[in-house]
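Below is one structure, written out as C-alpha cells; comments come after it.
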Protein chains: 2
Amino acid sequence: MNDFLTEMEYVGLTSRLKRLSDSLLYSTKELYKSEGLDIEPNWNLIFILLQENEAMTITEISETLQFSHPAVVKIINKMKKNGHVETRTDTEDKRKQILTLTEKAYKQLPLFEKYWTAGRQTVMDLLEDSPNFLEEFLKIEEKVNQSDYMERTLKNLKNDELSN
Amino acid sequence: MNDFLTEMEYVGLTSRLKRLSDSLLYSTKELYKSEGLDIEPNWNLIFILLQENEAMTITEISETLQFSHPAVVKIINKMKKNGHVETRTDTEDKRKQILTLTEKAYKQLPLFEKYWTAGRQTVMDLLEDSPNFLEEFLKIEEKVNQSDYMERTLKNLKNDELSN
DNA sequence: TCTAATTAAGTAACTGGTTACGCAAATGTA
DNA sequence: TACATTTGCGTAACCAGTTACTTAATTAGA
C-alpha cells in the first residue's frame, strides 16, 4: 500500500483515524442511498435506544452516546422530518422533550434491521484479523477521557523543556 | 466508564472512531490556540512533505495523503493566507501549481517542531498499553481499501437472503 | 492537425460533528 | 418569596472533510 501516513507512524495516526471514520461514514450513506433506504448512519443507535427505553430526552441521549446535545438535536430533527420519531413536551418539566419512535418507525424496523445486521457482520469481518483491536481501542479512549490530547501534550512539552 | 457505544460492540465502532478522531482534532486545535500558535492540525503533514520534497503540486499531496484534492486546496489556501506556503504556476504545465514553504515557514519550523514532537510523544503514550494497535489498525485500513463498507455489507445481505 | 479525452485545480453545496450563546423553565437559597 | 443559579434544548457559526461540477491546459489518436 505504501501509505505516507502509515510511514509516519505516531504522527499520522490522528489523520488515519479520521480517514477511516470518514470512509466508513460515506460508504454507509452511499449504501442506504443506493438501496433507497430513507435513513442515515447513526440512526440505528437512536432506534436501539428508543426501543429499549420507550422514551428519552435529548439530554439523556446525548449523555448516553457521549455526543454534544446539538448533534443529537440535529439527528432527531431529521428523524422527525422523516416521520420516524415524534416529540411531546414533558408535562412535569416543560423544558424536556420526550422522544418516541413512531408507528412508521416500528413498521420499517424489520427492514432496517436486515441492513444493520449485515453492517454489523461487515465490522466483524473487518476486525477478524485484529483480535486485540476492540480491547486496545478502548484503552486509548479511556486514556483520552482521563486526560486529553492537549493536557498530555502540554505536559510533555514542559518535561522536554526541563530536560534541556 | 460504562459507555453505551462500547457495549454495542461491533455496532458502535464507527461512531467511536469518529468520536475519538474528533476529540483528538479539537484538542489539537485548542492546544495551538491556547499557545498562540498560528497553525492548524494536519499542517505538520504538509510541512514534512514540502521539506522532504522541496516542491509539490496539489494533486501530488492529495495522492500522498489520500485526501480528496479539494481538502488539500483548502488546507493550502489557509497556509498561504498565513504566509507559510507560496505557489507558482509550473512553466511546463500551466495547470499545475507548484507549492513551496516560505522563508517565514522555515524560520518558525523549530518552534512548531517542539509542539509536534510533544504531540508525537502523546500518541506514543496513548498507545503504550496497546502494543498491537498500529498493526491491527493497518489491517483494517487495508481491508477497507480492498473492499469498502458498502460492498462488504451488500455481499453480507445477499448471503443472509440466500440462507433464508 | 484537428478534435476528443484526460488531467489539474478551483468552487459550490453538503455532511456530521463541534463550541458558543440565548432563552425559558425549574431549582436552590437568603 | 424573591432572586440567583442551574438545566434543557434550540440556534448560529464554524470545522475538516466529502462529492459533484467547471474551466483551462495538456495529451492522445484518427
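Scope of the values below: all heavy atoms of this structure, side chains included, with no hydrogens, waters or symmetry mates. The structure presented is a predicted model; accordingly, all values stated were derived computationally and were not measured. We name chains A, B, ... by the order of the sequence lines, and we start the count at 1 in each one.
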Fill in: Integer-rounded Å distance: C:dT15 P and B:Lys18 NZ
14 Å
Worksheet item: B:Leu24 CG to D:dC15 P: how many Å, rounded?
Response: 19 Å
Fill in: Listed nucleotide nearest any side-chain atom of A:Glu40, set D:dT11, C:dA9, C:dG16
C:dG16
Worksheet item: Between D:dT11, D:dT18, C:dG16, which nucleotide gets closest to the side-chain atoms of B:Ala71?
Response: D:dT18
Discussion item. Please tell me whether B:Ser34 and B:Glu30 have a donor and an acceptor in their side chains that are separated by less than 3.5 angstrom.
Written reply: no
Practice prompt. Measure the distance from NZ on A:Lys78 to P on D:dG10 and round it to the nearest whole Å.
Written response: 16 Å
Worksheet entry | Atom-pair distance (CG on B:Leu45; P on D:dA16), nearest Å | 13 Å
Worksheet item: When all nucleic acid strands are considered with a 4.0 Å heavy-atom cut-off, which category describes A:Lys29: base, sugar-phosphate, or nothing?
Response: sugar-phosphate
Discussion item. Taking only side-chain N and O atoms of B:Thr57, does any of them lie within less than 4.0 angstrom of OP1 or OP2 on C:dA8?
Written reply: no
Discussion item. Both A:Glu63 and A:Ser15 contact DNA chain D. Which one's nearest nucleotide lies toward the 5' end?
Written reply: A:Glu63
Fill in: Aromatic centroids of B:His84 and B:Tyr106 separated by under 6.0 Å
no
Worksheet item: Taking only residues two or more places apart in sequence or in another chain, which ones pass salt bridge (Lys or Arg N to Asp or Glu O under 4.0 Å) with A:Lys18?
Response: A:Asp22
Discussion item. Using 30° and 60° as the class boundaries, would you call the ring planes of B:Trp116 and B:Phe112 parallel, tilted or perpendicular?
Written reply: tilted
Item to complete: Using a heavy-atom cut-off of under 4.0 Å over every strand shown, decide if A:Thr59 touches base, sugar-phosphate, or nothing.
Response: sugar-phosphate
Discussion item. If I take atom OH in residue B:Tyr149 and atom P in nucleotide D:dT18, what distance separates them, rounded to the nearest angstrom?
Written reply: 19 Å
Worksheet item: Hey, which of these two, B:Lys96 or A:Pro41, hits DNA chain C nearer its 5' end, going by closest nucleotide?
Response: B:Lys96
Worksheet item: Between D:dA16 atom C1' and B:Ile46 atom CD1, what is the distance in whole Å?
Response: 13 Å
Worksheet item: Of the candidate nucleotides D:dC15, D:dC9, D:dT18, which contains the atom at the shortest distance from the side chain of B:Tyr26?
Response: D:dC15
Fill in: Distance in angstrom units between A:Ile76 CD1 and D:dG10 C1', rounded
14 Å
Discussion item. Going by side chain to side chain contact (heavy atoms under 4.5 Å, CB included), B:Asn156 matches just one of A:Gln121, A:Arg120, A:Met124. Which one?
Written reply: A:Gln121
Item to complete: Return the nearest nucleotide to the side chain of B:Ile58; candidates are C:dA9, D:dG8, C:dG16.
Response: C:dA9
Worksheet item: In the 5'-to-3' direction, what one-character label does each nucleotide of nucleotides 20-28 of chain C receive under the scheme B = base within less than 4.0 Å of a protein heavy atom, S = sugar-phosphate only, - = no such atom?
Response: B----BS--
Worksheet item: What is the distance from CG of A:Leu17 to C1' of D:dA16, rounded to the nearest Å?
Response: 15 Å
Worksheet item: Under 6.0 Å between the ring centres of B:Trp43 and B:Phe47?
Response: no
Worksheet item: Which residues pass the ring pair (Phe, Tyr, Trp, His ring centres under 6.0 Å) test with A:Tyr32, sequence neighbours left out?
Response: none
